[in-house]
Structure formats: C-alpha cells, structure tokens
Novice: 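The structure follows.
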Protein chains: 2
Amino acid sequence: MKVTSKTVYALHFLCALAIKSRNGETKPVHLREIAEEYKIPFKFLEQIAILMKSVGLVKGARGKTGGYQLSQEPEVISLAHILKATEGELFPLAAVEGGSAVVNALLAETFAQGRRLVEEKLGGVSLAELADKARADMEPAYMMYYL
Amino acid sequence: MKVTSKTVYALHFLCALAIKSRNGETKPVHLREIAEEYKIPFKFLEQIAILMKSVGLVKGARGKTGGYQLSQEPEVISLAHILKATEGELFPLAAVEGGSAVVNALLAETFAQGRRLVEEKLGGVSLAELADKARADMEPAYMMYYL
DNA sequence: CCATTACCCTATTGAGCCGATAGGTTTGAT
DNA sequence: ATCAAACCTATCGGCTCAATAGGGTAATGG
C-alpha cells in the first residue's frame, strides 16, 4: 500500500517537461537528457514515458529531433490524473472469501469515502503548481540549465 | 498500494468480538469459532490475533477456557488504529535516488496532507459503529448464533 | 540513401511482500 | 496428567515492483 517509485519518477518527468516549457522551450525534450539530469534509470524512464503517452498526458516525436512534450497545459494536469495512470485505483480493498457480508459492505463504503477525499485533494494540485514552485526555488546560479 | 486481506480479516475479527460483547458475552471467544463462522483461514487468523494483541487492541487468555476479548471499549477503537497496526503508514512515498529535491519535498508535503485526510476519516469511524450496524442488519432468524 | 538518433515495444530477472500453511511450544482449567 | 487453546517461528508459492536487456521503427541530417 505505497506510492511506487514509478509514480514518483513519472511526477518528476512531467514536472521537468512543464519547467522546460515554462522556460520557453518549444522543442521536444530528449529522455536521455532528463534521465541524466535527474539521475533516473533511463530504461525505466522510457517505460514510464510510454505509459504517460498511452494515457494522453504527453506526446512523443521520433527521429533525430524527437523527444517528449506535454500534450496539455500543465494547469489542467492534476496529480490525480497521473496517479490514476501509474497506480490504478487508490488503496483498493482486498477481496476476501469470508467475513460478514454486512461488514464487507460497510468497509467498502467507508474506504470509498476515504478514497474520494484523497482524489479530491490530489485533483486540486496541478502540475503547473509543482513546476512553478520548483522553478521559484531554483538558485539563479542553476537557472542557466533551464534557459 | 492496496488494503491487504490481513487488514480486512482483522476488521472482521475485531468486529466479531465487539458483536459478541454487545450481545452480553463476557467470556473470551475462541479463535476457531470465529474462523469457522466467517470462513477465515484459521492459522492466518491466529497470526492476526497475535498482532492485534501486540498492539494492545485485544487480550488473549490461554488454556482450555481461553480465547480473545477486546481490551478496550469498541467506541474508542477506530479503523485508523487497526489500519495502523496492519498496514503501517498509509501510502508512504517510495524513496528514490534521483529527481529534484524541491519536487520531492513538495510531493512529501502533498501526500502527507492527503494521508491526514484519510486518517481523520478512518479515525472517525469506531468499531462500535461497525458492530452495531452489522447487528442491526442481521435477520432475526440468525440472531440465535449470537445470543 | 543510409547511418544515426531517439522513440517504441517485449521479455526477463532479482528482490521483496503477501497470503497461507505447517509444526511446534507454552499455558491453564479440569 | 491431559487436553484444548493461545502463542511462536519457519517456510513456501505467487505475485508485484524496479530495473535491465535487446531489439524494432520512424525520422532527420549528411
């Protein structure tokens, strides 16, 4: 019952794209570049990028001038979107053979309510917020990497 | 990132104890009885009972007239207590080598807030609520098993 | 046109957790 | 003493996760 590193890497990946885009970069960004900059295993990141593409969060361009770009504005991409893609449903209940039917139903309802709370919370945090705060925290000395 | 069957069984187990207690039963309840009644693998339930004991939610009595009892009133035992014992911290973030320190910090904070929401929700649901609703839903024809 | 580059896809591996089972030890009432 | 129950430890198969490997496909630059 934990947030996997696939999710964390996906968040960093998308955030990196958002930051580059905010800094005026219009060309696709190479995966290798991001992998090196953030010390993310390249081949693992590749799979994550493909997943992000399959759910429509990024676009990929092939060939020598290829790379990845966000396919939507970072304002409309929420953490809930991303989590949904990487983790599926949040803390689903294990289906058990036994137990009491009544209690099982009560538990299902209770956890559904808890799940909704988190989804609302994560749905209220956009990639843009993350990227902007991250940019604001960067030291001027390091800004050159993003301009 | 899911609620394991250990947790679900634990909930059924404690709920069963609460129901028996509400129905005037003062003697310890045999694990074997609960396991059969709720179709829970006995040996698995045994481990869960020991865990519940180790965190102070139940008392165990040995010997031929032994069994388990709640060690607190069901009103003061919340789902949050139980989940804490069976699952540990709720959806912890995977620790990754790479990524941006700023983003990692933002994520940690965001998920901590989400976690608090769920903990408050689950902290507000007591074992007594569960047990009472379960009792109310039982058909009179089945009440004999609990009197 | 063709080699390079980078995206794209599938398979596999090793570690670790989960659900369950098994076997034994200790305790306490009769 | 004996029996039944709580208590403890070890182990196992199955699964997921993280990471690696190897190749296929498209598009650009020369």
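Residue numbering restarts at 1 for every chain, and letters A, B, ... go by the order of the sequence lines.
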Novice: Among C/dA20, D/dC7, D/dT20, which nucleotide has an atom closest to any side-chain atom of B/P41?
Specialist: C/dA20
Novice: Measuring to OP1 and OP2 of D/dA18, would you say a side-chain N or O of A/Y9 lies under 4.0 angstrom away?
Specialist: no
Novice: Rounded to whole Å, please give me the gap between NZ in B/K27 and C1' in D/dA6.
Specialist: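 Whole-Å distance recorded here is 17 Å.
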Novice: Tell me which nucleotide among D/dC8, D/dA6, C/dC8 gets nearest to the side chain of B/R62.
Specialist: D/dA6
Novice: In whole angstrom, give the distance that lies between atom CD of A/E46 and atom C1' of D/dG23.
Specialist: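 Computing the A/E46:CD to D/dG23:C1' distance gives 11 Å.
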Novice: If you assign each of B/K64 and B/G60 to its closest nucleotide in DNA chain D, which residue comes earlier from the 5' end?
Specialist: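 Going by which nucleotide is closer to the 5' end, it is B/K64.
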Novice: What nucleotide among C/dC7, C/dG24, D/dA18 has an atom nearest to a side-chain atom of A/T4?
Specialist: D/dA18
Novice: Quick check: do B/V125 and A/L106 have side-chain heavy atoms less than 4.5 Å from each other?
Specialist: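 Not in contact.
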Novice: Please report the distance, rounded to the nearest Å, between CG in A/L51 and C1' in D/dA18.
Specialist: 14 Å
Novice: A/H30 side chain: which of C/dA6, C/dC9, D/dA5 is closest?
Specialist: C/dA6
Novice: Does a side-chain N-to-carboxylate-O contact under 4.0 Å join A/E119 and A/R116?
Specialist: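 No, A/E119 and A/R116 are not salt-bridged.
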Novice: Nearest to the side chain of A/Q47, which nucleotide is it out of C/dG19, C/dA11, D/dC8?
Specialist: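 That would be C/dA11.
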Novice: Ion pair present between B/E37 and B/K20, side-chain N to carboxylate O less than 4.0 angstrom?
Specialist: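 Here B/E37 pairs with B/K20 in a salt bridge, since their nearest N and O are under 4.0 Å apart.
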Novice: Using a 3.5 Å distance criterion without hydrogens, assess whether the side chain of B/S126 forms a donor-acceptor pair with backbone atoms of B/I77.
Specialist: no
Novice: Measure NZ/A/K59 against P/C/dC7 and give the value in whole Å, please.
Specialist: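 Atom NZ in A/K59 sits about 15 Å away from atom P in C/dC7.
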Novice: Kindly point out which of D/dG22, C/dT30, C/dT21 is positioned nearest to the side chain of B/K43?
Specialist: C/dT21
Novice: To the nearest angstrom, how far is B/L93 atom CG from D/dA18 atom P?
Specialist: 12 Å
Novice: Between D/dA19 atom C1' and A/I48 atom CD1, what is the distance in whole Å?
Specialist: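 Atom-to-atom, A/I48 to D/dA19, this comes out as 10 Å.
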Novice: Starting at CD1 of B/I50 and ending at P of C/dT26, how long is that distance when rounded to a whole Å?
Specialist: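 Atom CD1 in B/I50 sits about 15 Å away from atom P in C/dT26.
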Novice: Can you tell me how far P of D/dA6 sits from CG of B/L31, to the nearest Å?
Specialist: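 Those two atoms, CG and P, are 4 Å apart.
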Novice: Please figure out whether A/M1 or A/T65 has its closest DNA chain C nucleotide nearer the 5' end.
Specialist: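 Of the two residues, A/T65 wins.
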Novice: Measuring from the side chain of B/Y68 (C-beta onward, heavy atoms only), which nucleotide among D/dC7, C/dC7, C/dA11 has the closest atom?
Specialist: D/dC7
Novice: Return whichever of A/A49 or A/A94 has its heavy-atom-nearest nucleotide of DNA chain C closer to the 5' end.
Specialist: A/A49
Novice: Return whichever of B/K53 or A/K2 has its heavy-atom-nearest nucleotide of DNA chain D closer to the 5' end.
Specialist: B/K53
Novice: Check whether any side-chain heavy atom of B/E87 sits under 4.5 Å from a side-chain heavy atom of B/V3, and report yes or no.
Specialist: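 They are in contact (side-chain heavy atoms under 4.5 Å apart), so the answer is yes.
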